[in-house]
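Below is one structure; the comments refer to it alone.
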Amino acid sequence: MTTATLMIEAAPPPPSVRRRHGAARVAGVALLALWTVLGVGIVWLLVSGWDAEMVERYMPRILEGVLTTLKLVGLSLVIGAVLSIPVAIGRLSRNPIAAPIAFGYSYFFRGTPLLAQTFLVYYGAGQFVGFFRDIGLWWFFRDAFNCAVLTFALNTAAYQAEILSGAIRSVPRGQWQAAQALGVSRMVTLTRIIVPQALITALRPYGNEVVLMIKGSAIASIITVLDLMGQTRYAFSKTYDMQVYLWAAILYLVMVEILRRVWDVLERRLTRHLRRAD
Amino acid sequence: MNESLGLLSFGPTGWGDEIASGVLVTVSLAGATLPFGLALGFLVALAKTSEDATLRAGANIYTTLFRGLPELLTLFLIYYGGQIALSRLTTALYGQPTEVNGFVAGLIALSFVFSSYASEVFLSAFRGIPSGQYEGAKALGLGRLSTMRLVILPQLVRLALPGLSNLWLILLKDTALVSVIGLNDILRNTNVAVGNTKEPFLFFFVACMIYLALSIISSIGIGFVSAWAERGQETRA
């Protein structure tokens with residue numbers, strides 16, 4: 001039996017391969033520098049142009065605008081969710097009357113600009129003052145806020161119906177068949193087996209729809225609703241100071257980012273049974 | 001009915017020609033935005049797939065920013081902000097202020113918005129291409145640019161097309177916002193017509209129908225493009 005008598009000298013580690021980033025690193029640093037300059041510029045603009053009187057006069061209005069925006073978006077989303085259910089049923093059915101109506105509704109509201117729809121409802125209603133007075137609904141259409149809620153609700157109902165019907169279609173057919181084999185009625189199958197699974201698929205698109213609604217609600221300012229955008233435009237028309245738009249930009253970004261984060265948490269919580277414990 | 005047709009006719013008494021010129025503005029704005037938005041979106045997507053963390057961070061800030069801001073606010077920021085900045089610049093240089101062109105402001109704002117969404121579409125398309133494609137190209141001795149041009153891009157187009165077609169339809173609708181900064185697009189010209197005729201329902205309904213028609217025409221066009229992009233995908237029996 002031979003034994004090693006000589007110790008092998010410890011060799012130095014091989015030279016580490018230098019990773020070259022080259023162009024990418026230069027571009028990345030340049031881009032980050034650009035954002036830094038922009039960020040510092042905005043902060044500088046806000047600080048140097050800080051006008052206590054202007055802030056005192058317009059900041060409360062703008063914060064009030066945030067509340068109006070949230071109210072507008074919240075109401076539209078809830079009403080839209082309710083409206084989306086019959087539309088989604090129509091989209092899923094093979095009924096020769098309901099299916100084309102639901103398709104036409106969805107196609108119209110998804111194929112035309114929200115701004116044009118808002119004009120159609122708000123100014124279009126004004127053409128039928130007599131009619132709305134007769135049926136006692138004029139008080140509703142006279143107010144721009146109501147018109148905005150109505151339009152946004154109709155619009156988001158079309159999108160939500162697509163999300164809902166798409167999600168229901170994505171549930172495997174085997175789920176229906178298994179429920180049928182167990183003797184579960186169609187209605188119970190839908191509400192207790194299919195919809196809960198569909199809602200998980202629909203969660204992410206729903207979140208996107210809420211974000212789109214927050215952003216889209218800025219359009220209400222054009223028909224004189226004093227939401228965040230409306231108050232900002234008012235303040236800008238009085239002061240001609242670019243700052244107010246920067247305030248609004250920051251507030252919108254904060255709203256959207258908070259929503260995105262909350263939605264991520266929600267999604268992680270609701271899908272925790274689908275993740276592998278590894 | 002006849003009265004409505006008269007209002008929509010071409011010529012000095014009708015508003016048909018004004019609306020038609022608005023269609024031209026809308027289509028050319030969307031058409032002009034598309035190449036810039038696509039190119040910018042592709043570059044941002046490339047940056048997001050980069051191995052370099054700083055480049056990825058820079059690209060992600062871009063998307064967060066322009067996907068989080070309302071399109072209307074982006075437009076105002078660029079239009080009024082550009083107005084103020086450009087006026088100061090030209091006053092300093094030539095001693096007189098210049099006006100910002102509404103079309104250019106709209107083009108820039110819509111390109112930013114479009115590209116931030118397009119970058120996400122390109123990014124997921126990039127993820128849909130197996131790494132074996134890159135390895136195969138390397139084994140054949142292709143350089144980085146030729147790999148991109150000959151191997152990756154043709155597949156990328158096919159994977160990104162559904163998402164991009166959606167974005168195009170959204171872009172078409174977003175152009176309506178430029179009517180607010182005074183560009184004579186479909187919606188602004190119908191607004192003028194409404195102001196003169198007091199027939200808001202008729203004209204705004206017609207405007208909606210025109211947008212619908214544009215999106216139907218686009219869908220047909222997209223059908224041809226996707227047939228072309230899928231040409232290598234036929235299953236042989």
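We name chains A, B, ... by the order of the sequence lines, and we start the count at 1 in each one.
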Evaluate the side-chain proximity of [Y] to [X]: yes if any heavy-atom separation is below 4.5 Å, no if none is.
| X | Y | result |
| --- | --- | --- |
| A:Met229 | B:Leu73 | yes |
| A:Leu32 | B:Ile61 | yes |
| A:Ile219 | B:Leu177 | yes |
| B:Leu72 | A:Ile222 | yes |
| B:Thr190 | A:Phe119 | no |
| B:Lys173 | A:Leu114 | no |
| B:Ser179 | A:Leu115 | yes |
| A:Tyr122 | B:Pro200 | no |

TODO: Against chain B, label A:Phe108 side chain, backbone, both or neither, depending on which of its atoms sit under 4.5 Å from a heavy atom there.
DONE: both

TODO: Let me know if A:Ser221 has heavy atoms under 4.5 Å from chain B in its side chain, its backbone, both or neither.
DONE: side chain

TODO: Please work out which of the three classes, parallel, tilted or perpendicular, describes the rings of A:Tyr245 and B:Phe76, given edges at 30° and 60°.
DONE: perpendicular

Task: Geometric class of the B:Tyr62/A:Trp35 ring pair [parallel <30°, tilted 30-60°, perpendicular >60°] - done: tilted

Measure [X] against the heavy atoms of chain A and call it side chain, backbone, both or neither at under 4.5 Å.
| X | result |
| --- | --- |
| B:Arg56 | neither |
| B:Leu65 | both |
| B:Asn191 | side chain |
| B:Leu187 | side chain |

Report the distance from atom [atom1] of [X] to atom [atom2] of [Y], rounding to the nearest 0.5 Å.
| X | Y | atom1 | atom2 | result |
| --- | --- | --- | --- | --- |
| B:Asp52 | A:Arg25 | CG | CZ | 4.5 Å |
| B:Leu69 | A:Ile250 | CG | CD1 | 10.0 Å |
| B:Leu169 | A:Arg110 | CG | CZ | 9.5 Å |

Quick check on [X]: does its [atom1] atom have over 12 non-hydrogen neighbours (other residues, nucleotides or ligands) under 6.0 Å away?
| X | atom1 | result |
| --- | --- | --- |
| B:Arg88 | CZ | no |
| B:Leu145 | CG | no |
| B:Phe126 | CZ | yes |

Open item on the list: Between B:Lys198 (side chain only) and A:Gln127 (backbone N and O only), is there a donor and an acceptor less than 3.5 Å apart?
Closed with: no

What are the two closest heavy atoms between [X] and [Y], and how far apart are they?
| X | Y | value |
| --- | --- | --- |
| B:Val180 | A:Arg233 | CG1-NH2, 4.2 Å |
| A:Leu31 | B:Ala59 | CD2-N, 3.6 Å |
| A:Lys215 | B:Pro70 | O-CB, 3.4 Å |
| A:Gly28 | B:Thr54 | CA-OG1, 3.8 Å |
| A:Ala27 | B:Leu55 | C-CD1, 3.7 Å |
| A:Tyr107 | B:Ser219 | OH-OG, 4.2 Å |

For each of [options], tally heavy-atom pairs with chain A at distances under 4.5 Å, and name the one with the top tally.
| options | answer |
| --- | --- |
| B:Ala57, B:Gly68, B:Ser215, B:Ala176 | B:Gly68 |
| B:Leu202, B:Leu212, B:Ile216 | B:Leu212 |
| B:Tyr211, B:Phe203, B:Phe205 | B:Tyr211 |

Task: Residue, of A:Val121, A:Val211, A:Val256, A:Leu253, that accumulates the most heavy atom pairs under 4.5 Å with chain B - done: A:Leu253

